[in-house]
Amino acid sequence: MGVTVVLGAQWGDEGKGKIVDMLAESADYVVRYNGGNNAGHTIVNEYGTLALHLIPSGIFYPHVTCVVGNGIVVHPHSLLAELAELKNRGINSDGRLFISDKAHVVMPWHILRDAAQEKQRGNRKLGTTLRGIGPAMADKTSRSGIRIEELCSSERFGQRFAAAYDENVRLLRALGWRGKLPPAQTILDEYVDYGRMLARYVTNTERLLAREIAAGKEVLLEGAQGALLDIDFGTYPYVTSSATGSAAACQGSGIAPNKITRVIGVVKAYTTRVGEGPFLTEMDTDMAEAIRNIGKEYGATTGRPRRCGWLDLASLTDVVERNGITELAITKLDVLSFFDPLQIGALSGTGPGGEKIYYVETRGWNQTLNGITSFSDLPHEAQAYINIIESATRLKISYVSVGQARGETIQL
């Protein structure tokens with residue numbers, strides 16, 4: 001395996017968590033490299049159904065060490081709550097979880113700024129998760145953020161905190177926010193406690209990973225969100241606040257690009273997105289509602305209903321090329337059962353405003369996919385659907401998911 005990147009090839013919510021959970025069985029390390037608790041990976045296994053927002057999906061395997069990389073912005077309360085939930089389920093993270101000392105911290109004012117900015121945008125709102133991720137990333141870029149290594153040092157944190165608190169009082173007022181931040185000492189005491197509780201997990205993770213890769217260990221890099229939400233290459237400004245592709249996997253983990261041996265793009269058999277922004281293959285209301293109910297298309301982080309659309313091959317082929325994807329994993333093929341015919345979107349025309357969507361129509365399959373474990377046992381129409389994707393992307397499809405559970409995956 002070497003070093004494998006698993007990334008979403010659409011607008012997120014593709015089922016990356018299930019694919020990472022499956023691949024982690026033969027991995028030594030699983031690393032989350034971007035985003036924050038604005039994304040969630042829902043895992044269904046022997047422990048039940050869990051939504052992870054910060055902790056990598058490999059945490060369920062006792063032999064796997066998990067790393068929260070430097071590209072993450074960490075909301076301490078959320079991270080500690082996830083650790084507590086895992087412990088309640090009988091999953092011990094001691095000695096198996098490390099947090100980069102260079103990861104940044106989400107502070108209370110980031111969440112308030114997020115809400116104030118969205119309100120100020122009015123009808124032009126972006127549809128953020130209101131978790132404070134954008135403002136935390138903005139502070140990181142403007143060099144006024146607070147790192148985890150500072151959070152875990154009371155003296156250094158106190159110095160950085162005082163300046164940040166005063167600055168954010170002014171920023172919130174400028175944004176028209178009329179509320180009042182909790183007293184500085186209240187927030188300071190709370191976060192000093194967080195630092196004490198998290199300190200044992202914090203280390204220089206890029207050195208750790210470099211050493212382990214040199215020793216021949218297998219590493220999985222787990223992305224959040226999806227490639228079409230990339231800050232540069234997504235549907236700007238309706239994007240997330242960080243890079244989400246394979247290049248971000250290196251930047252957000254400290255692993256050199258020449259160590260990457262495999263890039264798996266995870267693609268839902270249809271397309272969804274949460275929040276505002278263009279969506280060329282969006283379904284009509286009735287069809288979208290049917291898919292949403294069958295596929296349980298509600299955000300793992302916010303619970304918001306996802307917008308549903310047909311598979312978009314044009315954007316998928318762009319993502320494949322830009323990210324050097326070497327193979328694909330198709331998820332939720334089972335959700336399309338009993339719909340006939342099916343549509344697949346493609347794009348014609350070039351240049352700003354010159355794009356026009358057209359659809360390839362293909363037959364659906366009027367039978368369940370439950371219990372199918374080999375490609376040859378899939379209905380011919382389902383096989384044809386997969387073959388259309390392979391032909392368009394010129395990539396092999398390595399995995400086809402036909403259900404939520406870990407075992408409901410066909411390996412080709």
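For the numbers below, each heavy atom of this structure counts, side chains included, while hydrogens, waters and symmetry mates do not.
Atom SG in Cys152 sits 10.5 Å away from atom CE in Met197 (nearest 0.5 Å). Here the CG-CD1 distance, from Asp334 to Ile372, works out to 10.0 Å after rounding to the nearest 0.5 Å. How far CG of Leu198 is from CG of Leu80: 4.5 Å, rounded to the nearest 0.5 Å. Atoms CG and CZ, from Leu188 and Phe157 in turn, are 6.0 Å apart once rounded to the nearest 0.5 Å. Here OH of Tyr399 is found 10.0 Å from CG of Leu412. Values are rounded to the nearest 0.5 Å. Note that OG1 of Thr409 and CD of Gln404 are 11.0 Å apart. Values are rounded to the nearest 0.5 Å.
Looking at Gln185 and Asp189, their side chains do bring a donor and an acceptor atom within 3.5 Å of each other. Between the side chains of Glu381 and Asn366, no donor N or O sits under 3.5 Å from an acceptor N or O. Defined by atom type and a distance below 3.5 Å, a donor-acceptor pair is missing between the side-chain atoms of Asp312 and Thr271. Between Lys18 and Ser401, the side chains place a donor N or O and an acceptor N or O closer than 3.5 Å (distance only, hydrogens not considered).
With sequence neighbours left out, Lys268 forms a side chain to side chain donor-acceptor pair (under 3.5 Å) with Thr272, Glu297.
Taking a 6.0 Å sphere around NZ of Lys259, one finds it holds 12 or fewer heavy atoms contributed by other residues, nucleotides or ligands. Shown here is Tyr236, whose OH atom has no more than 12 heavy atoms of other residues, nucleotides or ligands within 6.0 Å. Atom CZ of Arg304 has more than 12 neighbouring heavy atoms from other residues, nucleotides or ligands inside a 6.0 Å radius. In the displayed structure, Gln251 atom CD is contacted under 6.0 Å by at most 12 heavy atoms of other residues, nucleotides or ligands.
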*Would you sort out whether Leu311 and Leu342 count as a side chain to side chain contact (heavy atoms under 4.5 Å, CB included), showing the intermediate values?*
CA-CA 10 Å; Leu311 181 64; Leu342 299 172; over 6 Å; no
_Trp109 and Phe161: CA distance, side-chain angles, deciding distance, ring-ring contact (aromatic ring centres under 6.0 Å, His included) verdict_ = CA-CA 11 Å; Trp109 48 73; Phe161 176 89; 5.6 Å; yes
*Please walk me through it: do Leu336 and Trp365 pass side chain to side chain contact (heavy atoms under 4.5 Å, CB included)?*
CA-CA 8 Å; Leu336 294 181; Trp365 50 95; 3.8 Å; yes
*So Gln343 and Thr281, side chain to side chain contact (heavy atoms under 4.5 Å, CB included) or not? Walk me through it.*
CA-CA 9 Å; Gln343 308 287 338; Thr281 61; over 6 Å; no
*Can you list the steps and then say if Val30 with Leu23 is a side chain to side chain contact (heavy atoms under 4.5 Å, CB included)?*
CA-CA 10 Å; Val30 177; Leu23 294 174; over 6 Å; no
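Note: Tyr194 and His77 have tilted aromatic rings, judged against thresholds of 30 and 60 degrees for the angle between ring planes.
With hydrogens and angles disregarded, no donor-acceptor distance shorter than 3.5 Å links the side chain of Gln10 to the backbone of Leu228. Between the side chain of Arg32 and the backbone N or O of Asn34 there is at least one donor-acceptor pair closer than 3.5 Å. A donor-acceptor pair is defined here as one N or O able to donate and one able to accept, closer than 3.5 Å; such a pair exists between the side chain of Gln383 and the backbone of Leu378. For Thr317 (side chain) and Ala314 (main-chain N/O), a donor-acceptor pair under 3.5 Å exists by modelled atom type. Formation of a donor-acceptor pair under 3.5 Å by the Arg96 side chain with backbone atoms of Ile59 is found in this model. Asn92 places a side-chain N or O within 3.5 Å of a backbone atom of Asp94 that can act as its donor or acceptor partner. Panel note: side chain Gln367, backbone Ser337; no donor-acceptor pair is recorded below 3.5 Å. Counting only distance, with no hydrogens or angles, the side chain of Arg273 and the backbone of Glu276 share a donor-acceptor pair below 3.5 Å. With hydrogens and angles disregarded, no donor-acceptor distance shorter than 3.5 Å links the side chain of Asp230 to the backbone of Ala243. Here the side chain of Arg306 pairs no donor or acceptor atom with the backbone of Arg292 at under 3.5 angstrom.
Nearest heavy atoms, Arg160 versus Ile146: CB-CG1, 4.3 Å. Across all their heavy atoms, Leu229 and Trp11 have their closest contact at CD1-O, 3.3 Å. The nearest pair of heavy atoms linking Ile19 to Ala329 is CD1-CB, 4.0 Å. When every heavy atom of Asp114 is checked against every heavy atom of Thr128, the shortest pair comes out as OD1-OG1, 3.0 Å. Contact between Tyr33 and Val6 at its shortest, heavy atoms only, is OH-O, 4.3 Å. Closest approach of Ala288 and Cys308 over heavy atoms only: O-SG, 3.8 Å.
Looking only at side-chain heavy atoms (C-beta outward), Asn387 and Ile397 stay at 4.5 Å or farther from each other. Counting heavy atoms from C-beta on, the side chains of Ile260 and Leu221 come closer than 4.5 Å. Here the side chains of Arg156 and Glu149 are in contact, with some heavy-atom distance below 4.5 Å. Between Val400 and Tyr385 the shortest side-chain heavy-atom distance does not fall below 4.5 Å. A heavy-atom distance below 4.5 Å is found between the side chains of Val105 and Pro76. Within the 4.5 Å cutoff, the side chain of Ile386 has heavy atoms near those of the Phe375 side chain. Residues Val68 and Ser100 fail the side-chain proximity criterion, which asks for heavy atoms closer than 4.5 Å. Counting heavy atoms from C-beta on, the side chains of Asn293 and Glu289 come closer than 4.5 Å.
A salt bridge between Asp139 and Arg113 is present, with a side-chain N of the basic residue lying under 4.0 Å from a carboxylate O of the acidic one. Using a cutoff of 4.0 Å between basic side-chain nitrogens and carboxylate oxygens, Lys16 and Glu222 are not scored as salt-bridged. A salt bridge is absent between Arg406 and Glu25: the closest approach of a Lys/Arg side-chain nitrogen to an acidic carboxylate oxygen does not fall below 4.0 angstrom.
For residues 64-91, every residue pair satisfying the salt bridge (Lys or Arg N to Asp or Glu O under 4.0 Å) rule, not counting sequence neighbours, is listed here: Glu85-Arg89.
Just one residue in the list Val219, Thr205, Val3 forms a side-chain contact (heavy atoms from CB on, under 4.5 Å) with Tyr29, and that residue is Val219.
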